[in-house]
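These notes concern the structure reproduced below.
Treat the numbers as computed from the prediction; the structure is a model and nothing was measured. Numbering of ligands and ligand atoms starts at 1, following listing order.
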Amino acid sequence: MLLSVKDLCVKYVTFEGIVHAVNGVSFDIPERGTLGLVGESGAGKTTTALSLMRLIPVPPGIVERGKISFEGRDLDALSGEEMKKIRGNRISMIFQDPMTSLNPVLTVGLQIAETIAAHQNMSEREAMKKAREMLEKVQIPAARYKEYPHEFSGGMRQRVGIAMALACNPRMIIADEPTTALDVTIQAQVIELMRDLRDEFSTAMMLITHDLGVVGEVCDRVAVMYAGEIVEEGSLEQIFEHARHPYTNGLFRCIPDIDEDNSRIQPISGLMPDPCDLPAGCCFHPRCPECMEICRTRKPAPFTENGQMVRCCLYTRGGAGQ
Ligand code: SF4
């Protein structure tokens with residue numbers, strides 16, 4: 001297994017209280033696998049990704065427990081220097097807004113070349129040549145090498161971000177809402193580009209998004225996060241054709257369907273719970289249309305069948321689904 005995360009728990013200690021951001025998350029990503037991590041804002045998706053890169057700010061963040069192994073190595077046991085060699089080289093990240101991740105006072109070519117020079121045993125000239133090649137790979141003319149981020153459109157900047165992420169041929173890319181800041185037509189182009197380059201570079205990917213449409217285009221497995229937990233996980237087909245968790249089904253009901261004679265989408269009622277004060281029992285119970293008495297007090301245990309995991313009392317012993 002390329003990446004294995006076991007029982008990851010991350011919290012933030014703030015003046016308002018302890019934010020329970022990630023509460024016992026486990027998942028695996030094999031070589032060349034693509035996992036979509038889906039959920040509303042505040043579900044803990046980005047904190048999970050930052051934990052993998054060991055980028056949780058301490059304080060206020062605390063990685064309470066959990067084991068992350070990548071290429072067979074326990075990331076927690078690595079020194080800061082060893083981790084630097086992995087970050088941007090073996091695992092790299094594409095951020096939501098490239099304008100904030102790119103340096104505004106350096107040309108895009110120089111920024112890509114710096115990433116390459118930091119990790120690969122190359123001369124400056126070779127790194128610059130590779131940076132030009134990477135720009136061409138993401139369909140930006142190499143002649144724009146000397147331009148600054150503000151001279152590019154939003155979609156082009158995200159392409160630069162993708163070129164930087166792939167420049168060292170990483171084994172895994174974490175893409176955190178890579179298309180959210182783009183308009184719809186550019187989103188489609190960027191998704192297609194990411195998919196093509198992932199296949200060309202044989203890179204595994206963790207795609208963080210709240211957009212199930214994007215997941216359907218790119219991923220082969222899907223994990224649905226709610227209030228810091230993975231509440232359902234399965235193959236793309238299992239989640240899209242046979243979703244079990246009421247939250248997953250609620251997310252699908254929020255997507256407009258042009259084949260349905262239904263002009264209104266059905267949003268999930270209520271809001272994500274306060275992570276400083278999570279409800280007892282199933283965290284989704286205040287919003288769940290299928291809530292039972294037991295859900296208010298008992299935390300649902302994971303139930304796995306044919307590789308599809310769900311955390312819901314409907315499917316565990318004693319629930320109505322039995
Ligand atoms: Fe709904 Fe109960 Fe299942 Fe939670 S455990 S999702 S409240 S049915």
Side-chain angles (χ1 to χ4, degrees), residues 5-11 17-28 35-48 64 66 208-213 215-216 219 221-255 257 262 264-322:
V5 178
K6 296 272 173 278
D7 197 25
L8 179 68
C9 284
V10 185
K11 62 186 182 185
I18 295 175
V19 177
H20 298 278
V22 175
N23 307 309
V25 159
S26 301
F27 60 87
D28 295 320
L35 176 77
L37 202 55
V38 189
E40 291 165 277
S41 298
K45 307 183 297 294
T46 297
T47 297
T48 302
E64 206 170 24
I208 296 172
T209 181
H210 59 266
D211 186 340
L212 280 164
V215 169
C219 301
R221 274 193 86 74
V222 185
V224 181
M225 271 192 94
Y226 186 79
E229 293 178 339
I230 292 180
V231 294
E232 183 159 16
E233 192 199 340
S235 68
L236 187 69
E237 190 191 350
Q238 284 170 333
I239 300 298
F240 274 62
E241 303 293 331
H242 313 286
R244 289 176 156 174
H245 199 281
Y247 178 61
T248 315
N249 284 315
L251 290 178
F252 279 110
R253 281 194 294 273
C254 296
I255 302 174
D257 186 344
N262 191 351
R264 284 188 166 271
I265 56 170
Q266 300 165 44
I268 303 169
S269 64
L271 296 170
M272 182 82 75
D274 178 355
C276 293
D277 186 21
L278 292 172
C282 169
C283 287
F284 188 56
H285 86 252
R287 304 172 74 187
C288 181
E290 300 186 56
C291 178
M292 303 171 286
E293 204 45 50
I294 193 174
C295 308
R296 299 177 201 279
T297 52
R298 197 175 79 172
K299 206 148 199 61
F303 170 78
T304 305
E305 191 176 52
N306 299 326
Q308 181 175 5
M309 184 283 288
V310 61
R311 279 177 195 269
C312 174
C313 293
L314 289 169
Y315 300 94
T316 47
R317 197 175 296 276
Q322 295 294 302

What distance do [X] atom [atom1] and [Y] atom [atom2] have between them, rounded to the nearest 0.5 Å?
| X | Y | atom1 | atom2 | result |
| --- | --- | --- | --- | --- |
| T46 | I208 | OG1 | CD1 | 5.0 Å |
| R311 | R244 | CZ | CZ | 15.0 Å |
| E233 | H245 | CD | NE2 | 13.5 Å |

Next on the checklist: Can you tell me how the ring of F284 sits relative to the ring of Y226, calling it parallel under 30°, perpendicular over 60° and tilted otherwise?
Outcome noted: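 Perpendicular: the ring planes of F284 and Y226 meet at over 60°.
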Checklist entry - Is a side-chain donor or acceptor of Q238 paired with a backbone partner of N306 at a separation under 3.5 angstrom? => result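 It does hold such a pair.
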Next on the checklist: Main chain of G66, side chain of K6: is a donor-acceptor contact present, judged purely on distance under 3.5 Å?
Outcome noted: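 Between the backbone of G66 and the side chain of K6 there is no qualifying donor-acceptor contact (under 3.5 Å).
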Next on the checklist: Could you identify the single nearest non-hydrogen protein atom to atom 3 (Fe) of ligand 1 and state the distance to 0.1 Å?
Outcome noted: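 I find the closest protein heavy atom is C312 SG, 2.3 Å.
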What atoms of ligand 1 come within less than 4.0 Å of a heavy atom belonging to [X]?
| X | answer |
| --- | --- |
| L314 | 8 (S) |
| C313 | 3 (Fe), 5 (S) |
| C282 | 4 (Fe), 5 (S), 6 (S), 7 (S) |

Checklist entry - Nearest heavy atom to atom 2 (Fe) of ligand 1: which of P289, C295, P279 does it belong to? => result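 Of the listed residues, C295 has the closest heavy atom.
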Checklist entry - Quick one: does ligand 1 sit under 4.0 Å from the side chain of H245, the backbone, both or neither, non-hydrogen atoms only? => result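 Answer for H245: side chain.
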Item to check | Metal site atom 1 (Fe) of ligand 1: N/O/S of C288 inside 2.8 Å | outcome: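 An N, O or S atom of C288 is closer than 2.8 Å to atom 1 (Fe) of ligand 1, so yes.
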